[in-house]
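Chain letters run A, B, ... following the sequence lines, proteins first, then strands; residues in each count from 1.
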Protein chains: 2
Amino acid sequence: MTESPVHHESPIYRRIADRLREQILSGALGDGDRLPGENALMNEYGVARATARQALAVLINEGLAVPRRGSGVYVRLFRPIRRHGPRRLSREQWGDGRAIWDHDTMGRPYTVDELRVTREKAGGRVAEVLGTDEVWVRRRRYSVEGRPVQLAASHYPAAIVGGTPITEADTGPGGVYARLGELGHAPARFTEEVRARMPLPNEAKLLEMPAGTPLIVIDRIAYTAAGVAVEYNEMLLDSASYVLQYDFDA
Amino acid sequence: MTESPVHHESPIYRRIADRLREQILSGALGDGDRLPGENALMNEYGVARATARQALAVLINEGLAVPRRGSGVYVRLFRPIRRHGPRRLSREQWGDGRAIWDHDTMGRPYTVDELRVTREKAGGRVAEVLGTDEVWVRRRRYSVEGRPVQLAASHYPAAIVGGTPITEADTGPGGVYARLGELGHAPARFTEEVRARMPLPNEAKLLEMPAGTPLIVIDRIAYTAAGVAVEYNEMLLDSASYVLQYDFDA
DNA sequence: TAGTGGTCTAGACCACGTG
DNA sequence: ACGTGGTCTAGACCACTAC
């Protein structure tokens, strides 16, 4: 039309997004509620389809809404797992391998799948930390209540774990840390590096993450009392499913 | 034209994005390099402007590229600050208030601005943890090398800090923790909760964050030896500028 | 079958930064 | 002045979901 677009204000799609966001944050639209769809926004605001779409894309990329094809756009819901850094790794927990994850999920049911144990040539930081490029890697995926929440890849020096149950699918009672202890390499100290970034497409697919969901990346290194690094564990967590907690003294 | 679109494969804009991503991750396009722009992609792939744009939007939302109006789209660069959880808060650091941040930035120059100290009615979790809704709040923004990297809001019970330098802009040598110590409320234990999410528009603006950059949210509570919560500090970190490190024993 | 979101085209005008 | 990304329109066809 000939209506002057009146710029210098915030663009239309942003103002539509702002109004919808306000309704979500104020609670007027609650968890799982349906947002007005593309057609509804076209009618309500008299804009083209692409503009309505752009407004919804803002909320989707902010992680506030999730689109479902053929159905609609819905307010996102959160149910974080509390992952307690230091406490979960205290020695007492090793008695039973499941204890660590039971601690995290507070009893909610979880599963492990896509477990693959392979021997590999390590590169870059892993080789540097472990002091060798000959490593065994244990990769797996954790799901809670049927939803995948974490990918993990634990690296171990081949010289230490070769020929032990750590290279088998089933590591036995107490898990890897119990086996390392029996080998005289019990972890005594840990360092965790925490980052956040957007997932790559393959990561988003494995974790079934909707758009607008960051990844929490944790690189954990386990050291023996002698200061030898015996494990490099890279974990990728769906940030919508996790809260990390760290306790320490002054 | 009449060329059949051949669906059931991944859409055009995704395949364009995949090719560009590959060049970025492989290093063929390095930090700060210019990507082919909208016009270039239109010519190269014979697609409409909106499709080329959509391909670039994928990379931008993944945090791999940054658009600059009037100039082009560029490969994103990273220069993280290492923020060391426990060590930076050890008592020895309090002797000089600047020490904590010097530790984080490893000597890189930083500034604090937008400092506001206000008395407020606390709500929700803050009031619950501090055991009162009468609080003083110290809000400020940290920048490193001229780029804003963190917003922080520290909450203190008014009954403890009222009338002390903690309610002034300048808290004196050693900072807030030194003053709390003099008041008989020296922090002895800390807990930090770490989350990641996409920033809201006002948060993204204050931190000058480009699209596709998650926020790291840290809620830190300081407890005295007697177990009294004396500080609730909510920090919002630009995830492109930070790596968190936590050390602990088994 | 009707409605939803997903992809794509072919135009247009604008604000902005670099030359 | 020119090319860049930013916004917007008005169509179209598709795949999927719900009824």
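Among D/dT4, D/dT7, C/dT4, the nucleotide with an atom closest to any side-chain atom of A/N39 is C/dT4. Minimum atom distance to the side chain of A/V47 is reached by D/dT9, of the listed D/dT9, D/dC8, C/dC8. Comparing atom distances between the A/Y13 side chain and each of D/dT17, D/dT7, C/dT18 picks out D/dT7 as nearest.
If you check distances only, the side chain of A/R49 does reach the base of C/dG5 with a donor-acceptor pair under 3.5 Å.
Each of B/R139, B/R138, B/R140 was scored for a side-chain hydrogen bond (donor to acceptor under 3.5 Å, both in side chains) with B/S154, with one residue passing: B/R140. Of the residues B/Q150, B/R82, B/R83, the one that meets the side-chain hydrogen bond (donor to acceptor under 3.5 Å, both in side chains) test with B/Y242 is B/Q150.
Atom C1' of nucleotide D/dG5 and atom CE of B/M42 are separated by 12 Å, given to the nearest angstrom. Distance, A/L35 CG to C/dT4 P: 13 Å, rounded to whole Å. Residue A/L41 contributes atom CG, which lies 17 Å from atom P of C/dG3 at whole-angstrom precision. Rounded to an integer number of Å, the gap from A/E38 CD to D/dA10 P is 16 Å. Separating the CZ atom of B/R69 from the C1' atom of C/dC16 is a distance of 6 Å, rounded to the nearest angstrom. Atom CD in B/Q54 sits roughly 15 Å away from atom C1' in D/dC8 (whole-Å rounding). Following rounding to the nearest Å, A/I60 (CD1) and C/dG6 (P) show an atom-to-atom distance of 6 Å.
For the pair A/A40 and B/R14, nearest-nucleotide mapping onto DNA chain C gives the more 5' position to A/A40. Along DNA chain D, the nucleotide nearest to B/R68 and the one nearest to A/A50 differ in position, and the one closer to the 5' end is contacted by B/R68.
Under the 3.5 Å distance criterion, the side-chain polar atoms of A/S26 are matched with a main-chain donor or acceptor of A/A28. Under a 3.5 Å cut-off, the side chain of A/S239 and the backbone N or O of A/P214 do form a donor-acceptor pair.
Dashed line: the shortest gap from a side-chain N or O of B/T51 to OP1 or OP2 of C/dT9 is under 4.0 Å. Distances shown here put a side-chain N or O of B/R53 below 4.0 Å from the OP1 or OP2 atom of D/dG6.
A salt bridge between A/E203 and A/R197 is present, with a side-chain N of the basic residue lying under 4.0 Å from a carboxylate O of the acidic one.
Within the 4.0 angstrom heavy-atom criterion, only backbone atoms of the sugar-phosphate kind lie near A/I12; the bases stay farther away. Residue contacts shown for B/R34 are limited to sugar-phosphate atoms, with no base heavy atom under 4.0 Å away.
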